[in-house]
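Everything below concerns the one structure shown next.
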Amino acid sequence: MFVIFSFFFLNWKAISECQSEETCYDTSYYIVSPTEFHATKITVVMFIFVAMFSVYWIWTTITLCSDIIKFSKYKRFFEFDLEITPGELKVFSWNDIVSKLTEYNSELTAEVIVGSIMRQDNYLIALVGSNIFKINPYFYTKSFLWLINVGILNQIFSSHNTDDNHLIVNFDRIKKIMRILGILQIVTIPFSLTILLIHYIVNFTTDVYTKKTYIGPKEWTLYAKLLFREYNELPHIFNERIIKSYKYASKYEQKFNSHMMNIVMENLIFLMGSCLTLLLLLTLYDERIVMYVRLLNRNLIWYVAILTTAITIARLMMVEPSDVDETEDELMDKMAGHTHYYPEKWKAYQNQYVILDDFRKLYKYRLISMLFEVIGIIAIPLYMLFKLPKDVDLINKFI
């Protein structure tokens, strides 16, 4: 609804004509029906967009209703069979839940419970670890993993594929599903791309104004998280140790930051700070100067905002390796203690560029991950159509 309102119900041409108090009007002046200022083709696009979104919304509502019915059964099971109240559930640990389940059913063990929950995820971890998909690690995006789960793993682990604990899978059917999903992805690219971009722009804007994180923070890529994940490791346990690893990952990279970068950033900050100081002095002298004096068709307030942002980014890029007390070896050991990922070639060469390069392929700015998510919306469907169906036989052998 935000997208529809912003794209189709705001008269951007009228908004662009707002140059001063005399040429600007009340908000209602700029909110009009699309037919009043858009061409017929644009209005048609709006209706198509609304239709696609409505299909998605209806599907989500049906899923929600299904989940409510399913979770209400779980709630009754917890309350009446396991005798756990909603209040107790908020403070119970996972081990407490497992204890209750094993008391309720003596045939259950902690291993059986976790194995049942993680069965499908274990195969995903194994498929990624084997590099069977043969794609650039950057393209392990959320949309790609969703397609793998829906198109391959859900088909393999659906209830009608099991017979006395043996998997009976029609891989020819999976190939067809892969192609259908690829075609659907291509058809819905405008919709998916718009929603994804708006989602990231809103989050990015929020981070800028609340957390002051302009190009970050850095985080493990989705591919890295799949490499670090262990078999039968529940999501909340995995998330706890990964969050703890960021402290040491950040320090490890800081040990190798360039002094030349700091020198360049210091000079840029001084240059931009000089300009910003002049603008602030003008503001103190008379605020009307920065509001009405224009430079390259922009008032001076715009330049204050740009300079402030640029200086903040430059400061974020400046770090001093000497601020970190631990050695590279110590940091790598502590980081690996949480990620559980420590390749043999890393162990003796933590201070070499090749190892640092490998590390940085797994540890990226969030903005870079967002960029590959957007690119993946276009690239992944082509992979699903032309490359992945050919790899299904390899996946079949692997499973």
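- Under the 4.5 Å side-chain contact rule for hydrophobic residues, Leu271 and Ile269 do not share a cluster.
- In this structure, Arg229 contributes its side chain and Glu233 its backbone to a donor-acceptor pair below 3.5 Å.
- The backbone N or O of Leu145 lies less than 3.5 Å from a partner atom in the side chain of Asn149, making a donor-acceptor pair.
- With 3.5 Å as the limit, one finds no donor-acceptor pair spanning the side chains of Asp329 and Thr327.
- The minimum heavy-atom distance linking Ile148 with Phe133 is given by the pair CD1-CE2, 3.7 Å.
- Other residues, nucleotides and ligands contribute over 12 non-hydrogen atoms within 6.0 Å of the NZ atom of Lys134.
- At a threshold of 4.0 Å, the pair Asp393-Lys175 counts as salt-bridged, since one of the basic side-chain nitrogens sits closer than that to a carboxylate oxygen.
- Once rounded to the nearest 0.5 Å, the distance linking CE of Met370 with CD1 of Ile201 reads 10.5 Å.
- Between Phe53 and Tyr56, the ring planes lie tilted relative to each other; the angle falls in the 30° to 60° range.
- Within the 3.5 Å criterion, the main-chain N or O of Ile62 finds no donor-acceptor partner in the side chain of Ser66.
- Follow the hydrophobic side-chain contacts under 4.5 Å out from Tyr342 and you reach Tyr252 in the same cluster.
- In this structure, CG in Leu10 is found 5.0 Å from CD1 in Ile15, a value given to the nearest 0.5 Å.
- In terms of heavy atoms, Tyr138 sits closest to Lys361 at CE2-O, 3.7 Å.
- Contact annotation: the side chain of Thr283 never approaches that of Leu300 to less than 4.5 Å [non-hydrogen atoms, C-beta and beyond].
- Met384 and Gly182 make their closest contact through CB-CA, 4.0 Å (heavy atoms, listed as atom of the first residue, atom of the second, distance).
- Using a 4.5 Å heavy-atom threshold, the side chains of Asp96 and Ile84 count as separate.
- Pairing each heavy atom of Gly151 with each of Ile177, the nearest pair is CA-CG2, 3.9 Å.
- Ring pair Tyr29/Tyr25 is tilted by interplanar angle, where 30° to 60° counts as tilted.
- Not a single donor-acceptor pair under 3.5 Å links the side chain of Asn105 to the backbone N or O of Leu101.
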Show, in sequence, the C-alpha distance, side-chain angles and deciding distance for Tyr123 and Ile156, and conclude whether the side chain to side chain contact (heavy atoms under 4.5 Å, CB included) test is met. CA-CA 10 Å; Tyr123 274 83; Ile156 291 173; over 6 Å; no
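- Between Asp357 and Arg360, no side-chain nitrogen of the basic residue sits less than 4.0 Å from a carboxylate oxygen of the acidic one, so the salt-bridge criterion is not met.
- Counting heavy atoms of neighbouring residues, nucleotides and ligands inside a 6.0 Å radius, atom NZ of Lys387 exceeds 12 of them.
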Begin with the C-alpha distance, continue with both residues' side-chain angles, and end with the deciding distance and a verdict on side chain to side chain contact (heavy atoms under 4.5 Å, CB included) for Leu147 and Leu388. CA-CA 11 Å; Leu147 289 167; Leu388 190 55; over 6 Å; no
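- Screening Leu356, Ile355, Leu362 for a side chain to side chain contact (heavy atoms under 4.5 Å, CB included) with Phe359, the sole residue that qualifies is Leu356.
- Hydrophobic clustering (side-chain heavy atoms under 4.5 Å, transitive across Ile, Leu, Val, Met, Phe, Trp, Tyr) keeps Ile242 apart from Trp94.
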Passes side chain to side chain contact (heavy atoms under 4.5 Å, CB included), Ile377 versus Thr141? Steps please. CA-CA 9 Å; Ile377 291 289; Thr141 61; over 6 Å; no
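- Ser130 places a side-chain N or O within 3.5 Å of a backbone atom of Leu127 that can act as its donor or acceptor partner.
- Under the 4.5 Å side-chain heavy-atom criterion for grouping Ile, Leu, Val, Met, Phe, Trp and Tyr, Ile198 is connected to Ile195 within one hydrophobic cluster.
- Between Leu367 and Tyr200 there is no side-chain heavy-atom pair separated by less than 4.5 Å.
- Leu234 places a side-chain heavy atom less than 4.5 Å from the side chain of Ile117.
- Taking the six-membered ring for Trp, Tyr74 and Phe77 have ring centres at least 6.0 Å apart.
- A distance of 6.0 Å or more separates the ring centres of Phe7 and Phe49.
- In this structure, the side chains of Leu227 and Thr339 stay at 4.5 Å or more apart for every pair of heavy atoms.
- We find the SG-CD1 distance between Cys275 and Ile306 to be 13.0 Å, quoted to the nearest 0.5 Å.
- Following chains of ILVMFWY side-chain contacts shorter than 4.5 Å, one can reach Ile48 starting from Trp59, so the two form part of one hydrophobic cluster.
- The shortest distance between side-chain heavy atoms of Ser245 and Trp220 falls below 4.5 Å.
- When side chains are defined from C-beta on, Phe8 does not count as touching Val50, because their heavy atoms never get closer than 4.5 Å.
- In this structure, CD1 on Ile243 lies 6.0 Å from CG on Asn239, to the nearest 0.5 angstrom.
- To the nearest 0.5 Å, atom CZ of residue Phe157 and atom CD1 of residue Ile399 are 6.0 Å apart.
- To the nearest 0.5 Å, atom NE2 of residue His338 and atom CZ of residue Phe228 are 12.5 Å apart.
- At distances below 3.5 Å, not a single donor-acceptor pair connects side-chain atoms of Ser250 with backbone N or O atoms of Lys247.
- A donor-acceptor contact shorter than 3.5 Å links the side chain of Thr85 to the backbone of Glu88.
- Shown here for Gly115 and Asn232, the closest heavy-atom pair between the two residues is CA-OD1, 3.7 Å.
- Contact check for Leu89 versus Ile97: side-chain heavy atoms found under the 4.5 Å cut-off.
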Evaluate the criterion side chain to side chain contact (heavy atoms under 4.5 Å, CB included) for residue pair Asp391 and Tyr383; output intermediate values, then yes/no. CA-CA 11 Å; Asp391 293 339; Tyr383 173 73; 3.7 Å; yes
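- Within a 6.0 Å radius of CD in Gln120, other residues, nucleotides and ligands contribute more than 12 heavy atoms.
- Listed here is the closest heavy atom pair of Glu230 and Ile125: O-CD1, 3.7 Å.
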